[in-house]
Amino acid sequence: MRFFFIISILFAFLLDCGSRFEKISPFSIPPQEFDLGNGVKAVFLPNELSFITSKGRILEFNLKDAFLSSAKGEQVVNYRKATFKIKDKILLECGSQTIESLGLESGALLLKGKLTGKNCETGYSIRFVSSANFGLDWKVEVSNPELNRTFIKFKSDELESIYGLGEQFSHLNLKGKKPFLFSEEQGVGRGDQPITWGAELLEGAGGNEYSTYTPIPFFLTSRNRAFFFENSSYSVFDFEEDSEIAIEFRERGLNVKSWKAASPKEILKLYTSHTGRFPNLPDWAYGTWLGIQGGKSVVLEKIEEAKKAGNPITALWIQDWVGQRKTVFGSQLWWKWFPDETRYPDFKNFVKELNQKNIQVLGYINPMLATEGPLFEEAVKNNYLVKDKEGKDYIVQTAGFPAGLLDLTNPKTRTWIKNIIKQNLIGNGLSGWMADFGEWLPTDAVLFSKESSEIYHNRYPVEWAKLNREAIQEAGKEGQIVFFTRAGYSYSNKYSTSFWAGDQMVSWGRHDGIVSSLIGILSGGMSGLSLNHSDIGGYTTIPSPIKDYFRSKELFLRWSELNVFTPVFRTHEGNRPAKNHQPYSDPDTIKEFARYGQIHLALKEYFKFLNKEASESGLPLLRPLYLSYPEDNNTRDLQNQFLLGEDLLVIPVLEKGEDTVKGYLPKGEWEHVWTGKTFQGGVWIEMEAPLGSPAIFLKKKGVWFEKLRSALSTFKKN
């Protein structure tokens, strides 16, 4: 029955999302040109309104058909454990357009007209204003307050590649795709089978190729133009048609910033100068972060074991500092946000002693409270939790137990939870934490601010990150503490100190496994998330009668190889630690994982250089080849290899049982680290990449070539 329900919703959704743009009425406005300043001009012709800079065209509307429409809609939402199945029911639609006036007003180009349809009419205006660096800001206003849907389209072409929209885990180049943007659990499987089928059947939680924790309404294209929508509702970006880009937001009006530049790097610099950039990591962050649980004696034993093998452990990540419980999903935490003194006796002193050994301790927190314990009782008493329509605390069912969600629109809630962070995390000496979740706000929740939860939903994870950052700043610890988030939206790059890619399956999956973790990091990097990493080995572990998803030794080591080249080198035991291969599972793994940790630390100065560059320019540390070689058409769809900065290229092994890889080397000379062999760029290659010797290349004329060769050459296997 669930399958047929999903199919019916999808069919209805497709019907609703048919042609939103009907006819445009003839207009009598003569062709003319407008100088908007800052090197931007508008050209109005009978069939087109275009905006042109000295660097080329930034925006073009086809005037043969309507390019703007509006509607009144009502979302039907099926919510289960932060998986949202959303159908939009259109009640009124204004799909026909008129243009009644066009002219300069206070330096801006103002276009006015009407939108009409059956029982639907509204005036509209679009105000275009040039900005510095060949930018164009435009604002769409729809006068009828009853309408709460906005649709717009503009010209594209079949050769225009498209990147961004936050962390997209299945596709880097989005041309030909139709993503929706809504922060939610990414799903279990996301299309990889049979797990997606099973997760959908049992929990409705399979996800799909566009489900993501961190959607961001920003994209850049191979025409070196970019668009950022300052809207926060559920949205759909339709890139399926060769000749156009169509965009839907489920709110009234649009506020858009667009840029034109000489290169995608310049685009990212302009975008992040507006939205924010990540800070520099503290010096300790470049060693191995050992993620283990089990209490004081267990973690100390594992640390000592790793250090004896030569692993440069600089951080202990103990998410169970608050205690651990067993649920049907596996090992879960007590969401009570103070130390479990049974597991970690004299916790504050435990942290201090590890700090004295140059090991920082990190914990875990999220914006929910399990429905038990003193903090939950205090939150209920003071109305700190999100409410339902009846005015009661909105209790959501998580993976194993119920919990209440903090209302971040309430200033008193924010002050309260910040004080908890300052007292119970920072006050106990923690140097960082996983600031988990943020995507769980139900769309029918009632907020303290009276804002629509449909509109606020995507902003919630950003506010959660902002709150964590404020707590650090108020404690006087800016630059010393690192928290890492998985959920986000616009401006996350302004507040988070680092990202991680969330809960991938412990698998080789294309849509939800090691492959997707890399694609997510690369697409996020093209959206301003410059500092990112993933759980080494993945997280989601599931026993199944059809197929068990347990982490193998090979997967753990290959994932470790991959994450050597991410700024944070951190393990996670997963939700079923006993079923997964771990960094401590056998002597061979302990030894090999220590070697990977040493390689990562050997890259410390390069990471610090790239982190500083990211904090000043917004460029990501891990880069798709397109970002650095946009003129090379071979780079446009490459999503299974990457550059670390400009001078180190990685072609990771992402398939089970493989010991060779195929990849592309861009122009220039590239030296293979392990053999010293030089390759001329512009070619596809196949290389041996046995376990422990990943296919990595150094740019021979790169600024960092000699330093990187010196740092890596000592790790060559005999």
Side-chain angles (χ1 to χ4, degrees), residues 284-292 299 301-317 357-359 506 514 517-518 533-538 551-573 580-608 621-622 642 644 648-654 656-661 671-676 687-698 704 707-718:
W284 59 262
Y286 297 101
T288 300
W289 298 16
L290 197 60
I292 45 181
V299 300
E301 177 187 341
K302 299 304 182 190
I303 288 173
E304 190 60 29
E305 199 173 51
K307 292 191 74 174
K308 281 184 178 179
N311 202 321
I313 308 295
T314 60
L316 168 67
W317 177 51
K357 297 177 182 178
N358 295 318
I359 296 176
V506 292
I514 187 172
S517 75
L518 176 57
H533 71 288
S534 65
D535 295 332
I536 293 176
R551 183 196 295 157
S552 68
K553 180 176 181 178
E554 181 190 6
L555 178 65
F556 174 79
L557 291 174
R558 284 300 191 189
W559 211 314
S560 299
E561 273 187 0
L562 171 64
N563 280 25
V564 161
F565 305 101
T566 64
V568 173
F569 190 65
R570 178 184 59 82
T571 64
H572 197 315
E573 292 180 320
N580 288 330
H581 194 83
Q582 303 292 356
Y584 49 77
S585 287
D586 59 48
D588 176 64
T589 301
I590 293 170
K591 179 181 177 182
E592 189 66 3
F593 186 63
R595 176 174 171 267
Y596 292 145
Q598 292 166 5
I599 298 173
H600 184 269
L601 188 63
L603 295 171
K604 177 179 178 179
E605 292 308 312
Y606 190 46
F607 279 126
K608 290 180 71 173
L621 278 70
L622 275 70
F642 62 95
L644 178 60
L648 195 156
L649 188 151
V650 183
I651 309 175
V653 173
L654 301 174
K656 181 180 179 180
E658 291 295 325
D659 58 8
T660 61
V661 289
E671 182 177 291
H672 182 236
V673 167
W674 311 123
T675 64
M687 291 294 298
E688 291 186 359
L691 197 57
S693 300
I696 49 179
F697 301 82
L698 303 179
W704 280 84
K707 289 183 179 180
L708 289 173
R709 182 164 66 172
S710 176
L712 295 171
S713 61
T714 58
F715 296 100
K716 180 180 178 180
K717 283 199 165 187
N718 296 325

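Treat the numbers as computed from the prediction; the structure is a model and nothing was measured.
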Main-chain N/O of [Y] paired to [X] side chain as donor or acceptor, under 3.5 Å:
X: Tyr596; Y: Asn563; value: no
X: Gln598; Y: Gly310; value: yes
X: Ser713; Y: Arg709; value: yes
X: Arg595; Y: Phe715; value: yes
X: Trp559; Y: Val506; value: no
X: Lys604; Y: Tyr286; value: no
X: Asn580; Y: Arg551; value: yes
X: Ser710; Y: Lys707; value: no
X: Glu561; Y: Leu691; value: no
X: His581; Y: Thr589; value: no

Hey, does [Y] have a side-chain heavy atom less than 4.5 Å from the side chain of [X]?
X: Tyr584; Y: Glu573; result: yes
X: Leu518; Y: Phe642; result: yes
X: Glu671; Y: Phe697; result: no
X: Ile696; Y: Leu649; result: no
X: Leu648; Y: Leu698; result: yes

Quiz item: Taking NZ, NE, NH1 and NH2 as the nitrogens, is one of them in Lys307 or Glu304 under 4.0 Å from a carboxylate oxygen of the other?
Solution: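 Answer for the salt bridge query: no.
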Practice problem: Run the salt-bridge test on Lys656 and Glu554 with the 4.0 Å N-O cut-off and return the result as yes or no. | Solution: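 No salt bridge links Lys656 with Glu554.
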Exercise. Would you indicate whether Lys717, at its atom NZ, is surrounded by more than 12 heavy atoms from other residues, nucleotides or ligands within a distance under 6.0 Å?
Key: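 Yes, because the 6.0 Å sphere around NZ of Lys717 holds more than 12 heavy atoms from other groups.
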Quick check for you: to the nearest 0.5 Å, what is the distance between [X] atom [atom1] and [Y] atom [atom2]?
X: Glu301; Y: Ile292; atom1: CD; atom2: CD1; answer: 9.0 Å
X: Phe565; Y: Leu644; atom1: CZ; atom2: CG; answer: 8.0 Å
X: Leu654; Y: Leu555; atom1: CG; atom2: CG; answer: 10.0 Å
X: Leu603; Y: Trp704; atom1: CG; atom2: CH2; answer: 10.0 Å
X: Leu290; Y: Trp317; atom1: CG; atom2: CH2; answer: 11.0 Å
X: Ser517; Y: Asp535; atom1: OG; atom2: CG; answer: 9.0 Å

Quiz item: Of Thr571, Asn311, Thr314, which meets side-chain hydrogen bond (donor to acceptor under 3.5 Å, both in side chains) against Thr288?
Solution: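 When Thr571, Asn311, Thr314 are each tested with Thr288, the side-chain hydrogen bond (donor to acceptor under 3.5 Å, both in side chains) holds only for Asn311.
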Practice problem: For this output row, return yes or no: ring centroids of Phe607 and Phe569 closer than 6.0 angstrom. | Solution: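 So the answer is no for these two rings.
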Exercise. Name all residues meeting the salt bridge (Lys or Arg N to Asp or Glu O under 4.0 Å) criterion together with Asp586; count only those two or more places apart in sequence or in a different chain, and write none if there are none.
Key: Lys553
